Amino acid sequence: QVQLVESGGGLVQPGGSLRLSCAASGVSFSSYDMGWFRQAPGKEREFVARIRRTGINTYYADSTAGRFTISRDNAKNTVYLQMNSLKPEDTAVYFCAATTRVIGFTAPTTYAYWGQGTQVTVSS
């Protein structure tokens, strides 16, 4: 059974940093591209970042490029999202997801497996 478990969310002040982790089990982790998405109350789930299975190629939403960094450790079956210079508009539940599909990676429907999400709140 495939399981993705996020951790690392919390409350942080504007300008602060958080590092999210997503641990995978029941899946050949290195065979999957991994993505991070977020969903704020009343809004659709939106793409944040994606990393290819080798860890070499990454891609970011315009709203997070330059502030967020996605990385992975295939030996630990874990993907990370380092979030710096956080803004109140980054407040959302953050989800990690796994896919074997290469195209359409900004769309939630591309991903076969999802974690339960972790809350990130940016507020003073």
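Every value quoted in this text rests on a predicted model; they were computed, and no experiment measured them. We number each residue from 1, following the sequence as shown.
- No salt bridge links Asp33 with Arg101; every basic N to acidic carboxylate O contact stays at or beyond 4.0 Å.
- Put simply, the side chain of Met83 reaches to within 4.5 Å of the side chain of Val120, judged on heavy atoms.
- Looking at every heavy atom in both residues, Met34 comes nearest to Cys22 through CE-SG, 4.4 Å.
- Residues Asn84 and Ser17 come closest through the heavy atom pair OD1-OG, 2.9 Å.
- Taking 4.5 Å as the limit, every side-chain heavy atom of Leu81 sits out of range of all side-chain heavy atoms of Thr69.
- Donor-acceptor pairing under 3.5 Å is lacking for the side chains of Tyr32 and Arg53.
- Between the side chain of Thr64 and the backbone N or O of Val48 there is at least one donor-acceptor pair closer than 3.5 Å.
- In terms of heavy-atom proximity, Glu6 sits nearest to Gly115 at OE2-CA, 3.2 Å.
- Among Thr91, Thr118, Asp90, the single residue meeting the side-chain hydrogen bond (donor to acceptor under 3.5 Å, both in side chains) criterion with Arg38 is Asp90.
- The two atoms that bring Ala24 and Leu4 nearest to each other are CB-CD2, 3.5 Å, heavy atoms only.
- Counting non-hydrogen atoms of neighbouring residues, nucleotides and ligands closer than 6.0 angstrom, the CD atom of Glu89 exceeds 12 such neighbours.
- Close placement of the Trp114 and Phe37 rings is indicated, their centers lying within 6.0 Å of each other.
- Taking 4.5 Å as the limit, some side-chain heavy atom of Pro14 sits within range of a side-chain heavy atom of Pro88.
- Phe95 pairs by the ring-ring contact (aromatic ring centres under 6.0 Å, His included) definition with nothing, not counting sequence neighbours.
- Between Tyr59 and Phe47, the angle of the ring planes lies from 30° to 60°, which puts this pair in the tilted group.
- Residues Tyr111 and Phe68 do not share a hydrophobic cluster, defined by chaining ILVMFWY side chains whose heavy atoms lie under 4.5 Å apart.
- Judged purely by atom type and a 3.5 angstrom limit, Ser21 has no side-chain atom pairing as donor or acceptor with the backbone of Tyr80.
- For the pair Val93 and Gly117, the tightest heavy-atom approach, listed with the atom from each and the gap, is CG1-CA, 3.8 Å.
- When atom types are taken as modelled, the side chain of Tyr60 and the backbone of Ile70 share a donor-acceptor pair closer than 3.5 angstrom.
- Residues Trp36 and Leu20 form a side-chain contact, since some pair of their non-hydrogen atoms from C-beta on lies under 4.5 Å apart.
- With contacts defined as side-chain heavy-atom distances shorter than 4.5 Å, the pair Ser123/Leu11 qualifies.
- Residue pairs satisfying the disulfide (SG to SG under 2.5 Å) criterion with at least one member in residues 45-88, sequence neighbours excluded, are absent.
- For the pair Arg72 and Phe29, the cation-pi criterion (under 6.0 Å, within 45° of the ring axis) is fulfilled.
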